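Just the heavy atoms: all of them, side chains too, but no hydrogens, waters or symmetry mates, feed the values below. Along the sequence shown, the residues carry numbers beginning at 1. As the structure is a computational prediction, the values presented were derived from the model and not from experiment. Note that ligands are numbered from 1 as they come in the structure, with each ligand's atoms numbered from 1 the same way.
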Amino acid sequence: MEQRYFNKEIETMPRGELSALQSEKLRKQVRHVYDSVPYYRGLMDEKGLTPEDIGGIEDLHKLPFISKSDLRETYPYGMLAVPLSDCVRIQSTSGTTGKRVIAYYTQHDIDLWEECCARAIVAAGGSKDDVVQVCYGYGLFTGGPGLNGGSHKVGCLTLPMSSGNTDRQIQFMMDLKSTIICCTPSYAAYIGESLKEKGYKPEDNSLKAGIFGAEPWTEEMRRDIEKSLGIKAYDIYGLTESSGPGVAFECSEQKGMHINEDHFIAEIIDPDTGEVLPDGEKGELVFTSLDKEAFPLLRYRTRDICVLDRTPCSCGRTHVRMAKPMGRSDDMLIIRGVNVFPSQIETVLINEGYAPNYRIEVDRVNNSDTLDVYVELSPDQFTDTVGAITAMEKKLSAAITGILGIHPAVHLVAPKSIERSEGKAKRVVDKRKLHD
Ligand code: ADP
Ligand code: ZN
């Protein structure tokens, strides 16, 4: 397959040159942050570090980390590294794990972010001949604005739909013949389900690709969405703190997401000790942004659990690949001492033939953790025979036990009884937190 790139020189740059470029940018960035962000200068001073100590990427590990709590402490402008009058935009996190964090951008920062999204769109087969339907939320959330800007840069005809109003999404998708759709995977699954309900077959739409991210999703969910929309589904990753979506994106090989390493250095650390782990080991993803002017975070701890792969990719891109994040360290549930990621449960459900409409409830009763998994039946699975339902529940429960090693109570519920998501899905309710 012929490969197309948005920025071939950078995306296929030989590793040696790329490292030299990163080192040069890092030296400048550390100086910029040290001179303009007193908070970070304080962290460096505590370690006895000056910008001269950072000669290149080999010295990155010496720098202090930044975490979400630093951003909360310095809210709103304590991390600002340029005069506020040079900033042109503010975006904010979705607040999935607590108080929202804000990020500020100069025009240069917006341009580099949008270029990252443009690379993702081209890698998914996009060109100026495409009609890109952006149904990530617009507004403070970075999903809509990021993909919108990327789509413009590629020259695609852009539909700034935002999320929600699914009937209108479908009408425009059909009437305007959208060829690429961008949204969260849970919303993509919902749109697929709605198309089916309206009597459309997957081949009735003009879509060829989808660019889905902003939340964890499994390979099983990918296959489900690809089938229901009749497309190839690509993953895209990002976070507001590093700009937004587009920090990393999938190429046609779909064996991990290429990180835009000319703008971001990625490290994997042991979340407990902070020690940098070798490639291939699982740990917490840490990003250093190399050219952002207004909000240039150095060694930002994402809490996303992930693995890096530096082996060459047959698409020709030389940038390191990150695996699908399993979820954040704070999404990990510890149930009766066992570490459980919601994505593990999702894998079992889809493999057992259920749609990804589920809710996980964890509680503590008589000092013991309980795990309840509510799974929706599809209309064709639905039966009102109690015996049949109990048998299905038992089978699913056994399948989950086989993977997790702990026994959940599975409850099959009526079609449409679990709320659909137009943005990031909220699938876990941890009631133990209420007791603490
Ligand atoms: P919030 O932290 O409030 O959700 P953001 O909207 O900035 O704020 O979301 C960034 C987070 O979303 C990432 O840190 C990661 O946990 C998750 N995320 C983004 N893209 C993906 C993806 N493709 N796969 C898994 N998780 C993702
Ligand atoms: Zn590749």
Side-chain angles (χ1 to χ4, degrees), residues 1 3-5 11-12 67-68 71-72 91-103 113 116-117 119-120 122-124 136-137 139-147 163 182-186 188 210-219 221-222 233-261 264 266 284-287 295 297 300-307 309-332 341-343 346 421 423-427:
M1 181 177 163
Q3 286 295 334
R4 292 178 52 254
Y5 313 96
E11 291 179 71
T12 63
S67 65
K68 212 154 199 154
L71 301 186
R72 291 189 175 129
Q91 305 276 172
S92 118
T93 61
S94 332
T96 312
T97 58
K99 191 175 160 201
R100 286 164 180 263
V101 161
I102 62 162
W113 171 27
C116 289
C117 290
R119 293 180 194 174
V122 172
Y136 283 110
L140 284 168
F141 175 54
T142 53
L147 269 306
S163 60
C182 309
C183 58
T184 59
S186 50
I211 303 177
F212 306 126
E215 63 182 357
W217 55 309
T218 54
E219 285 300 331
M221 180 120 166
R222 187 205 308 261
Y234 293 83
D235 203 352
I236 184 167
Y237 168 91
L239 63 167
T240 312
E241 296 89 325
S242 347
S243 57
V247 170
F249 62 87
E250 260 181 353
C251 63
S252 52
E253 302 306 307
Q254 301 199 310
K255 294 200 181 93
M257 293 180 265
H258 289 284
I259 296 173
N260 283 307
E261 278 189 286
F264 305 101
E284 179 179 349
L285 196 51
V286 171
F287 283 113
F295 191 54
L297 301 185
Y300 181 67
R301 294 185 59 157
T302 63
R303 300 191 281 184
D304 289 321
I305 303 299
C306 197
V307 179
D309 179 0
R310 249 173 257 272
T311 58
C313 181
S314 35
C315 76
R317 289 178 182 79
T318 49
H319 297 206
V320 64
R321 282 168 292 162
M322 59 181 268
K324 261 183 175 313
M326 292 190 71
R328 289 183 246 231
S329 49
D330 20 33
D331 292 336
M332 190 182 78
F341 276 100
S343 55
E346 181 178 295
S421 163
K424 298 194 189 217
K426 171 132 185 54
R427 307 196 195 272

Taking the side chain as everything from C-beta on, heavy atoms only, tell me whether [X] gets closer than 4.5 Å to [Y].
X      : Y      : answer
Gln254 : Asp235 : no
Phe141 : Ser163 : no
Glu253 : Gln3   : yes

Polar contact flag, side-chain donor to acceptor under 3.5 angstrom, [X]-[Y]:
X      : Y      : value
Glu241 : Tyr300 : yes
Glu215 : Ser186 : yes
Arg303 : Ser67  : no

Non-hydrogen atoms of [X] versus ligand 1: any pair closer than 4.0 Å?
X      : value
Lys424 : yes
Lys68  : yes
Arg328 : yes

Only heavy atoms of [X], strictly under 4.0 Å: list the atoms of ligand 1 that pass.
X      : answer
Asp235 : 22 (C), 23 (N)
Leu239 : 7 (O), 10 (C), 14 (O)
Phe141 : 6 (O)
Pro325 : 24 (N), 25 (C)
Gly213 : 23 (N)
Ile236 : 20 (N), 22 (C), 23 (N)

When you measure from atom 21 (C) of ligand 1 to each heavy atom in Ala214, Gly143, Pro185, which option holds the nearest one?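 The residue whose heavy atom sits nearest atom 21 (C) of ligand 1 is Ala214.
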Among Thr184, Ile305, Thr240, Asp304, whose heavy atom sits nearest atom 13 (C) of ligand 1?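 Going through Thr184, Ile305, Thr240, Asp304 one by one, Asp304 has the nearest heavy atom to atom 13 (C) of ligand 1.
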Between the main-chain N or O of Pro185 and the side-chain N or O of Arg222, is there a donor-acceptor pair closer than 3.5 Å? no
Indicate yes or no for a side-chain donor-acceptor contact from Arg100 to the backbone of Thr93 under 3.5 Å, with no hydrogens or angles considered. yes
Specify whether Phe287 and Tyr237 have parallel, tilted or perpendicular ring planes, treating 30° as the upper limit for parallel and 60° as the lower limit for perpendicular. tilted
Which atom, counting only N, O or S, brings His258 closest to the Zn ion (ligand 2)? NE2
Opening angle between SG in Cys313 and SG in Cys251, taken at the Zn ion (ligand 2), to 10 degrees: 110°
